[in-house]
J.: 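The following block contains the structure, expressed as structure tokens.
Below, read A as the first sequence line, B as the second, and so on, with proteins coming before strands; counting in each chain starts at 1. What's counted below: heavy atoms across the whole structure, side chains too, no hydrogens, waters or symmetry copies.
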Amino acid sequence: MLFNSLHFLIFFPIVTAVYFSIPHKYRWILLLISSYYFYMSWKAEYVILIIISTLIDYIAGIIIYNSKTQRRKNLFLWLSLLSNLGLLFTFKYFNFFSDSLRTILQQFSIQLDPITLKVLLPVGISFYTFQTISYTIDVYRGEIKPQKHIGIFALYVSYFPQLVAGPIERAKNLLPQFFEKHYFDYKRVTDGLKLMLWGFFKKVVIADRLAIIVNTIYATPTDYNGIPLILATVFFAFQIYCDFSGYSDIAIGSAQIMGIRLMDNFNRPYFSKSISEFWKRWHISLSSWFKDYLYIPLGGNRVSTSRWYFNLFVTFLVSGLWHGANLTFVIWGALHGFYVIFGVITKTLKDRLLNITKLIQFPRLIQLSRILSTFVLVNIGWVIFRANNVSDAFYILTHLFKGISFSSKGIIPGLDWTDLFFVIGIIAFMEFVHLIQEHSSIRQFLDGKPLLLRWLIYLIIIFLILLFGNFNNTQFIYFQF
Amino acid sequence: MKDDKIKFMKRGSLFILFFLIIFIALNNYYILKTSPGYNLDYAFFGDSHVRDGLNPEFIDNSFNFGNGEENYIETYYKIKKIIDGGIKINNFVLQLDPHTFSDKFRTNKELSIEKGHYNKAIPLIDAKKIKPDNMAQFLKVNYPMIGHGRELIAYSLNPQDSNRIESGWTNNTEKFNLKDKTDVASKRYNYFFSKTPNLLDNTTIKYFLKIFDIAKHENIGIIFIKYPVTKEYNIEFIKHNISIEDYYSNLFKEINKTFTKYVILDYYDDFFENPEYFGDSDHLNSLGSRVLSKKVWKEIQNKNLKK
């Protein structure tokens, strides 16, 4: 079920109304059934994978906790990891590695036809497997006790607002909340609804509208040069942000209505002043997951310099691979790893240059140039991320500034000037809201206004969604990961 | 908690009331502004080929009722509603393309439903027969304003510039020339013809023939148009062993059982050498629709089809 579907608009109010009408002790049953229904409305049989993942980690958690010896703990941790990663590998990466093997062997004139699996990628598999893996590791590390209530644990794995595209929650944050008694709180519920509304706006008005332009150009990039390629790339940066952060807002908002606090996933990433800051603001739940469960176990920065760079690079490489079984994602991850390492290496030099050139006296200028340069670097990464293949990405990167063409009809076939100004206008509106949020809370800003003015603002946003939204049930980009 | 619930219910109801008042007012305004005139010499019906292909600007006193992925069940109800609404039409101009009667066109859930402004009339029970996603259809049929903000603003700000809304025609600005022609043609072909659909679906034919009953009763002329496609699109039929000749021969056998007083305007292969007229392999773009509309108008005048 998609958040931006009619189905969800009926499903969610019903679940919420029943949730607040039944006694607390039965609520987990309602949420669990609703979550499974939510998932099964996409492809019913794949719920089996969630159940398998749930059972593996439920049992592993208890056994690890009760194990008397370290050897036994290790054994069950590895069993759990191998099972979860095995599922992920089979459904997401098997064909990629199989094809890659064939290509490599062909270079040595060895003809081999490895097996390929004809399976559909289960929606959200990367998200819920990472969530269950973090639970087992946390139990192993002694940071949490295993959850004995299998129903609550199953709900932790499958809680519908964040099941298919995160935020990837941690057991110590989410599990205890299912035991708390949540009352109907006017402020919390209306805040949740506002967040959902903002998420819908970003998804159906901005992301889906930009998608039309981006998809047209990225489908056959070799038909274009210069400005259309630049525009499509910049638009993709905003499309993917609005798509994914819109999803996260709807997820966080809908959980908030029910009294569940999910972690923030985005913090205005395009205001980042460096690539490392970008990763503290973009897909925060995944970045922090990789930090806690990969980067730090590898040694983090408390190792030799070369090993530290290696740890950074591996973390970004795996993060790229997490996004998809395609060489473009791997290169994208490697590129970000390179960016971060390069940033670390050149930090002292950059500071010294600023001092020598006296630019340090203009902090705002420096800040702005850092934001812009980070945005450009991120966009170079997005070209590789979005392109259909490596050769398309290469073409786009080498033709961004070749042949600047305008026509009175617009810059891209099918996109006239009105469309272009409209999308730029809505992006500017969103960034204006973000700019306010950089300095103060938008909720506080709104709460200080008279009721009628607030309602007018909400009505304008609702009508913008209704009038300018794309209602073709466009999937969220991150569903494919 | 109880106080909060009551506060939420009260404020929520009031907010919804405000919302509904504005929504209904805007929606009615939109319907009003997009309604056709009351006397039409030519009313074009069909799917996106029609919607993109015929610009009523070039054909006197005409209106384009075409809508994306419309089939003849929907068209029947649309026509019924238009006639019941007192609009006088002299000629129905109906689309006859290879995919027009395909069962896939009627039942495939993947095909998006693009209900237009005028098919408010379809009862839900019949809508169910047409496309499975009936709730979404219900909303689109009854609240056509949704997703059409640009048109609404265009009409309000600049009524002169809104000819395309008033006449029903859509300005397709795509260029087939800029695309990989074979690839586009193959994808478009597969969109409708993969898995060998039944090209003469009985349910669709049944409703199509019912349109002739209305035509006879109201003394309305029938003109069929075979819309142009690209050479690449036609090659797809040949590649997949679909005989266009056999298809039309079988179709006309069915039609002739009920109705014979029709005129056929055949443009199927007229633009094989003009890829610049197309947005994709089978949809005319702005330039192509201008050329076709002028051709149609000339033929209508030459054959003296206006009654």
J.: Give, as side chain, backbone, both or neither, the part of B/I22 having an atom under 4.5 angstrom from any heavy atom of chain A.
T.: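 When you check distances to chain A, atoms from both the backbone and side chain of B/I22 fall under 4.5 Å.
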J.: Above 12 or not: heavy atoms from other molecules or residues under 6.0 Å from CZ of B/R290?
T.: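 Not more than 12 within 6.0 Å, no.
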J.: How about A/F179: does its CZ atom have over 12 heavy atoms from other parts shown lying under 6.0 Å from it?
T.: yes
J.: Any non-hydrogen side-chain atom of B/F23 less than 4.5 Å from a side-chain atom of A/I462?
T.: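 With C-beta onward as the side chain, the pair stays apart.
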J.: Would you sort out whether B/L26 and A/F463 count as a side-chain contact (heavy atoms from CB on, under 4.5 Å), showing the intermediate values?
T.: CA-CA 10 Å; B/L26 268 180; A/F463 278 100; 4.0 Å; yes
J.: Should B/R11 and A/L451 count as side-chain neighbours, where that means a heavy-atom distance under 4.5 Å?
T.: yes
J.: With only heavy atoms counted, which part of A/L466 is less than 4.5 Å from chain B, the side chain, the backbone, both or neither?
T.: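 Both backbone and side chain.
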J.: Is A/V205 close to chain B through its backbone or its side chain, or both, or neither, when contacts mean heavy atoms under 4.5 Å?
T.: neither
J.: If you take the centroid of each ring, where Trp contributes its six-membered ring, are B/F19 and A/Y458 closer together than 6.0 Å?
T.: no
J.: Under 4.5 Å heavy-atom distance to chain B, tell me which part of A/L193 shows up: side chain, backbone, both or neither.
T.: side chain
J.: Excluding sequence neighbours, so at least two apart, what forms salt bridge (Lys or Arg N to Asp or Glu O under 4.0 Å) with B/K231?
T.: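 Salt bridge (Lys or Arg N to Asp or Glu O under 4.0 Å) check on B/K231 returns B/E273.
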J.: To the nearest 0.5 Å, what is the distance between CZ (B/F18) and CG (A/L459)?
T.: 8.5 Å
J.: Taking the side chain as every heavy atom from C-beta outward, state whether B/D3 and A/F184 have any atom pair closer than 4.5 Å.
T.: no
J.: Is a side-chain N or O of B/K5 found less than 3.5 angstrom from the main chain of A/Y186, in a donor-acceptor match?
T.: no
